[in-house]
Each structure stands twice: as structure tokens, then as C-alpha cells.
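See below for the structure under consideration.
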Amino acid sequence: MALKVALTGNPNVGKTSLYNRVTRSFEHVGNWHGVTVGSIEKTVVYEGKTVTVTDLPGMYSLSVYSFEEGIARDRVLEGSDDVVVNICEVNNLVRNMYLTLQLAELGAPLVVVVNMMDELKKQGKVLDASRIEKELGVRVIPMSAKYKTDSDTFMSEVCSFADSEKAKPILPYLKQLPLAKVESIISENLRRSGLKKDWACLKVLENDEFVKEKLDLSKAQNEELKKLGDYSGRVAQLRYEYIDYLTEGAIKDDPKGDKKHKSEGGLSSVDRFVLNKYLALPLFLLLMAAIFVVTFGFLGKWLSDLLELFISNCIGGPLTAWLSHAGAPKWVVALIGDGIINGVGGILVFLPQVVLLFFFLALLEDSGYISRVAFMTDGLFRKIGLSGRSVFTMLMGFGCSATALLTARGLEDENTRKKTVLLTPFMSCSARLPVYTAIAGAFFLNGRPLIVFAMYVLGAAVAIVIAAIMEHSGSRLKSGKLSFIMEMPPYRMPTFERVFQIIANNAKVYIIRVGTVIFAFNVIIWLLSNFSLTKGFVSDGSGSILQTVAGLIAPCFAPLGFGNWRAVTSLLSGLVAKEIVISSISSLGGPEAIFMEEYAGAAAVAFMTFTLLYTPCIATLGAMRKEIGLKYMFFGLFLQLGVAYVISLLVYWSGVLLIMFKPPVWGIVLVCVGSILVATLMIAVRRLVSGGCRSCGKCGRDCAKRKNK
């Protein structure tokens with residue numbers, strides 16, 4: 001039977017990093033609460049022993065306040081694990097050990113890991129772990145999860161602990177509490193509940209609603225317990241007093257340490273700019289713009305062009321020439337050349353840019369900057385009915401919408417969670433990236449980085465505006481009371497291994513999608529677009545099966561500038577995976593063959609806008625159904641399609657007007673008018689979020705006029 005090991009601890013202490021290290025996995029880690037929203041586990045073999053390691057969501061105590069904390073608490077209470085590893089972070093040892101004492105009170109088979117010891121070493125300090133271990137009576141392992149040697153030590157210690165006789169933790173403060181009196185009052189309930197006696201009595205003293213509900217106490221029992229007094233504050237005080245005793249003098253100067261690293265908080269001055277209420281957002285936008293210029297400008301384009309040249313000259317050209325020389329049928333040559341090589345290769349050439357983008361995002365995330373983005377935007381998000389934790393879900397939407405939606409389940413307010421799930425698909429996922437890059441490269445070569453950046457900003461702006469409308473229009477999705485507790489990590493130098501893992505994992509996913517789903521659908525789309533039910537193979541696509549079917553829908557998109565069957569085919573195929581949009585375009589003749597009208601540039605931008613805003617993929621719809629139910633999934637689907645159509649319509653006709661009135665004076669006038677309209681919209685939104693009522697526009701949210709209305 002496998003040895004069962006559960007990893008638990010506060011958020012942002014390195015649980016998932018340790019899990020990845022000991023199980024050789026690539027689960028997502030991040031410097032914020034809620035990255036792990038469900039338990040994940042993997043079985044490994046260590047020195048002949050089979051070990052099942054489970055990574056539990058972060059929690060601050062066994063009295064939980066969110067969905068994912070409940071998952072961790074319930075797993076610990078089951079008592080099914082051979083070892084419960086409580087991970088603490090050395091820079092926040094006092095706060096982290098509050099959960100340690102609660103686990104010790106429960107009687108869990110406890111091992112304490114003090115993580116990030118490398119950071120303590122850089123400060124020229126050392127931890128006296130043996131003192132804490134001796135006083136508390138619990139095994140303590142100091143380590144850094146980022147190093148393989150430390151993870152090997154961890155596994156060895158855990159396996160050794162599992163085979164040893166378990167000593168009872170030393171918790172002298174419990175003698176100062178009337179646990180025996182509580183037991184005498186609830187003894188019969190304890191027997192029926194199956195809860196551990198001492199722990200349940202302690203939680204009753206803390207007035208823990210979860211335990212009291214499990215015990216099913218009578219009114220008379222509650223009255224008897226009230227006579228004992230309120231001990232919730234007293235229990236917390238005793239715990240912290242004991243933690244102070246355990247940790248006093250535990251961290252001290254290392255006589256062998258590097259003196260120049262002893263200063264702490266040297267980088268705090270950076271936050272004066274990063275978190276400044278006036279500079280924070282402009283700095284973030286400038287930083288992202290710079291990333292996009294590098295990724296989609298000179299470096300990214302050069303790398304993609306090299307890969308495209310290799311695919312064309314070393315694979316596509318020689319292979320189709322050989323097939324033609326061998327006398328293969330014309331349709332086979334076209335299928336291989338146009339349907340497979342041009343289609344699949346057309347999406348594969350963007351791999352360097354995808355890798356570059358994830359490289360920069362990994363640097364921002366691993367350094368601790370992304371947590372600060374959530375902190376600085378919490379005020380705005382709170383005004384539009386979203387939590388600062390919604391920021392994390394939306395930021396993850398830049399990677400994969402379906403995966404990001406799963407992280408919203410940790411939001412405590414139901415309406416906030418629903419809105420976050422509904423709005424995250426508007427954030428531009430990485431699958432849409434090749435669409436922008438290919439089309440912008442065909443029509444706006446010099447301005448491609450800015451066009452791509454504008455798409456990302458537009459998606460975020462649309463999500464924010466819709467959130468404000470939902471919150472302040474009297475809809476059923478108005479949020480309740482919001483809270484946001486965030487672990488602000490110190491700035492850290494991203495490790496090469498961690499960044500490489502992120503890049504390698506995302507590149508692997510991208511290549512697998514290209515080689516499976518995209519390859520299969522590209523072949524199907526090519527066959528349907530080049531074969532007719534009556535004429536057989538039609539090289540120009542006229543009368544093809546796909547032209548007949550897509551032609552029925554195409555007129556609906558004529559007002560948007562791309563009412564042709566090729567464009568509609570690409571959009572329909574994008575419901576499976578957004579990468580198929582550009583591979584379909586490549587196999588159907590390229591962007592120039594789809595946008596051939598007089599205002600092709602405007603149509604191309606409108607097409608990119610529609611791709612940005614309509615449903616990311618079927619997998620995202622499945623995630624929405626799982627998180628918020630079938631009714632809201634359909635609401636989200638129609639919301640995304642409707643918003644995509646309206647915004648794309650505005651974008652197209654705005655572009656047409658700019659093209660028609662070419663004189664600079666007209667352009668200036670249009671820009672000024674547009675600026676005025678945008679400013680008016682911002683003022684209106686600000687009035688809404690500031691709490692001014694619709695009756696008089698000035699008074700508070702709870703004024704008499706609004707109540708009467």
C-alpha cells in the first residue's frame with residue numbers, strides 16, 4: 001500500500017513548488033492565494049517505497065472562509081494520510097505556525113517544513129530548527145523547495161517519519177482552557193459525531209460553526225456553553241504566545257554568513273513606484289507594451305520568419321515537389337501542401353512568439369510583480385463588483401480561458417464568482433495570438449506589435465465595462481460584501497528552472513494541440529472546402545460543401561466587412577480551438593484571399609476584434625457549465641456573441657470612416673470626437689461606480705429617492 005502524504009499550509013509558502021519538485025510535475029504555481037483550487041495528487045516511487053503525494057489548497061487555519069480552504073480542511077479531518085506536511089515560509093514563520101498548532105491540536109501525523117531557507121541565508125541569518133522541534137515535539141525540516149538535494153532530504157525524512165513511532169506534540173497552553181467542562185456538556189454528541197474529542201472541545205470553545213453544526217448541539221447545551229464565557233479570543237492569544245515562545249531567538253545571525261546580504265527590505269523602495277496610485281497602471285501598461293514590441297516586433301518576427309522559411313524550404317517545397325514528380329493525384333498534392341503543411345505550418349510558425357510571451361509572463365509572475373498588479377487594481381475591481389482575486393483569474397485567462405475559470409471557484413461571493421466566470425473569456429487567451437499576428441502582419445506590418453497589444457487591452461476594457469454595467473444596472477448579478485486577503489510576496493529573482501518549466505510546458509501543450517486537434521480539423525476543413533457533392537475535387541473552392549453551408553451564414557457578417565464563406569468557416573472552426581482560425585485561413589488562401597474588399601484593412605481589424613470577443617472554445621463552455629451551471633453558460637455564450645458582433649460592427653465602420661476621410665484634418669476631428677465620447681463614457685462609468693444614484697446623480701447609494709424608486 002502506498003504511503004499517503006498531504007501537503008498543506010498557508011497560501012504562498014511553496015506547497016505546489018515542493019509538489020512539483022518531488023513528483024516531477026508541472027502544476028501551475030503563483031505568488032497568490034487560490035492558485036490551487038482543488039487537491040491534486042501523484043504517485044511516485046522513492047527508494048523502493050510507493051508514495052502518493054497530495055497538494056492541498058492553501059488555508060490560514062482550520063476555521064475556513066472559502067471553498068478551497070474547505071477542501072483542505074475536510075481532507076485533514078478525514079485522517080486518511082500517513083503524514084500531513086505543514087509547510088511554513090521562513091520569512092513569515094510566526095503567522096504560518098498558527099496553522100501548525102491547529103494541526104498539532106487535531107493530532108494529525110505532523111511534519112513541519114520551513115521553506116525558502118535560501119532567502120534566509122542571503123540575509124546572513126540561520127534558523128535553529130532543532131530548538132523548535134524539541135520544544136514543540138514535532139519533526140521540523142528546514143529546506144528550499146527549489147533545490148533537488150533538499151527535496152530528496154524531504155522525501156527521506158517523510159518516509160522515515162512514517163515508519164517511526166509518533167510522539168504527541170507538546171501543547172502546554174491547552175491546560176489553561178476548560179476543555180474537561182466542555183467535554184462533560186457535549187460528551188454524547190462527541191460520540192455520535194465521530195470527531196476527535198480534544199480537538200472538537202477546543203473548536204467549541206472557539207465557537208466554530210462547522211464543528212457545532214457537526215455536533216448538533218441542543219439549545220440547552222448552547223446555553224451551558226455560554227456560561228463558560230467567550231474563549232475565542234483567549235484561544236488565539238494563547239496560541240500566539242506559544243508561537244512567540246517557540247520562535248524567540250530561533251532566527252539569528254549566521255557567523256559564517258555573508259554580511260553584505262544582511263539588509264532586509266532593500267527592494268521595498270520599488271513599491272513606491274509599482275504601487276503608486278498614479279504611476280502603477282501607466283507603468284504596467286508601458287511594461288506590457290514593451291513586452292509586446294519585443295515579442296511581436298523585431299525579435300519575435302525574426303524567429304517566426306526563420307521557422308517559416310525552414311518549414312517552406314526544407315519540408316513543404318521538397319515534399320510537394322516529390323509528390324508531383326511521383327505522379328500523385330492533384331488533390332493529394334494540394335491536400336498535403338495547402339491543407340496540412342500550409343495549415344498546420346501556418347500555426348506552428350508562431351511558436352517562437354508564444355514562447356517569448358510566456359517567458360516574459362513567467363518573469364513577471366515569479367518575481368512577485370503579478371501579485372502587485374492584483375493589489376493595485378483591487379480598488380477599481382471592487383467598485384465594479386469584482387474582487388481583487390478576480391484579477392488572478394482574469395490574468396490566467398491570458399494563458400487558457402478554460403483553465404482560468406477553475407480558479408474562480410475560490411471567490412466567496414456567488415455573484416462575484418459568476419461575473420468573473422462570465423467575463424474571463426473576454427481576456428485574450430494565447431490561442432488567439434496567432435490570429436492577431438498573422439492578420440496584423442498581412443495588413444499592418446509596421447504596426448503589428450501595437451495592434452496585438454490593442455487587442456489585449458480591448459478585451460480587458462470590455463470585461464471591465466460589462467462588469468460595471470452588471471453591478472450598477474440593477475441586475476441579478478450585483479455582488480454582495482467583498483473581501484480580499486492577499487499574500488504580498490517579497491521580490492524574488494526568477495529561477496532558470498522555474499521559467500524553463502513554464503515555457504516548456506506551454507510549448508508542449510501548443511505543439512500537441514497543433515499535432516492533434518488542429519491537424520485533424522484542418523484536414524477536415526480542407527476536404528470540405530475543396531470537394532463538392534456533385535463535382536468532386538474543385539481546386540478553387542467554388543461550389544464546395546463548405547462554401548454551400550457557410551454561405552448561408554455569411555450574409556450575417558456582411559455588415560462587419562467579412563461576409564464571405566472563408567471568413568465564416570474560420571470563425572466556426574474556432575469554436576473547437578482558436579488556433580484553427582488561422583490554420584483554416586492559411587489553408588483557404590491566406591488573409592489576403594479572405595479580406596479582399598475595398599476596406600480590407602478595416603475588415604481585418606473587425607475580424608480580429610470578433611475573434612477576441614466571441615466564445616474562446618468548446619472547452620471554455622464546458623468549464624463555464626461546470627462552474628456556474630447550464631443557464632449561465634448559455635447566457636455567457638450569447639453575451640460573448642452579442643458583444644463581439646456589436647463591437648466589431650463599431651470597429652469596422654469606424655475604420656471605414658477613417659479610410660474614406662483621408663485628409664489629416666478629418667482624422668484629427670474624428671480622433672477628437674472619439675476622445676470626447678470615450679471621456680463621456682468614463683465619466684458615466686465613474687458616476688455609476690462612485691455610488692451616485694440614478695434619481696439625482698449626486699447623493700449616496702442609499703438615498704431616499706433611490707429607495708423610493
Side-chain angles (χ1 to χ4, degrees), residues 334-335 337-339 342-343 346-347 432 434-444 451 455 518 521-535 537-615 617 640-660:
L335 171 63
D338 297 330
N342 287 346
I347 185 70
R432 295 167 167 125
V435 182
Y436 312 146
T437 306
I439 296 177
F443 292 95
F444 312 98
I451 291 288
M455 289 293 110
I518 295 172
F521 272 87
N522 219 62
V523 171
I524 293 171
I525 289 169
W526 187 91
L527 291 173
L528 292 176
S529 63
N530 286 274
F531 278 87
S532 169
L533 293 175
T534 56
K535 301 177 184 178
F537 176 61
V538 284
S539 57
D540 60 354
S542 59
S544 66
I545 299 170
L546 205 54
Q547 182 183 18
T548 303
V549 176
L552 299 175
I553 309 173
C556 298
F557 294 91
L560 277 60
F562 47 87
N564 60 78
W565 69 273
R566 288 184 174 87
V568 172
T569 296
S570 301
L571 291 175
L572 290 175
S573 63
L575 288 172
V576 178
K578 278 295 174 286
E579 296 97 335
I580 302 179
V581 173
I582 197 59
S583 63
S584 299
I585 290 175
S586 299
S587 63
L588 294 175
E592 295 84 353
I594 292 181
F595 308 107
M596 299 183 297
E597 295 82 358
E598 183 180 359
Y599 305 111
V605 176
F607 185 89
M608 287 188 285
T609 303
F610 195 91
T611 303
L612 162 70
L613 298 174
Y614 88 110
T615 309
C617 59
Q640 292 151 18
L641 291 174
V643 169
Y645 195 93
V646 171
I647 301 295
S648 300
L649 184 69
L650 293 174
V651 167
Y652 174 68
W653 286 104
S654 298
V656 169
L657 289 174
L658 286 172
I659 294 172
M660 288 175 61

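Excluded from the calculations below are hydrogen atoms, water molecules and symmetry mates; all remaining heavy atoms, backbone and side chain alike, are included.
Contact detail for Lys578 and Thr615: the closest heavy-atom pair is NZ-O, 2.6 Å. Smallest separation of non-hydrogen atoms from Val581 and Gly574: CG2-CA, 3.5 Å.
Taking the side chain to side chain donor-acceptor pair (under 3.5 Å) definition, one finds that Thr569 meets it with nothing, sequence neighbours left out. Remark: Tyr652 engages no residue in a side chain to side chain donor-acceptor pair (under 3.5 Å) (not counting sequence neighbours). Every residue two or more places apart in sequence or in another chain was checked for a side chain to side chain contact (heavy atoms under 4.5 Å, CB included) with Pro555, and none qualifies. Applying the side chain to side chain contact (heavy atoms under 4.5 Å, CB included) criterion to Ala442, with sequence neighbours excluded, gives Pro591, Glu592.
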Taking distance alone, no hydrogens or angles, what donor-acceptor pairs closer than 3.5 Å link side-chain atoms of residues 601-613 to residues at least two apart or in another chain?
unit_1	atom_1	unit_2	atom_2	d
Thr609	OG1	Val605	O	2.8
Thr611	OG1	Phe607	O	2.9

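Between the OG atom in Ser648 and the OH atom in Tyr614 there is a gap of 11.0 Å [rounded to 0.5 Å]. If you take CH2 on Trp565 and CG on Leu572, they are separated by 12.0 Å, rounding to the nearest 0.5 Å.
Side-chain atoms of Phe557 and Leu571, non-hydrogen and from C-beta on, do get closer than 4.5 Å to each other. Inter-residue side-chain proximity for Tyr645 and Pro559 is flagged as met; some heavy-atom pair is nearer than 4.5 Å.
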Practice task
Kindly determine whether Ile439 and Phe595 satisfy side-chain contact (heavy atoms from CB on, under 4.5 Å), including the steps that lead there.
Solution key: CA-CA 10 Å; Ile439 296 177; Phe595 308 107; 4.1 Å; yes
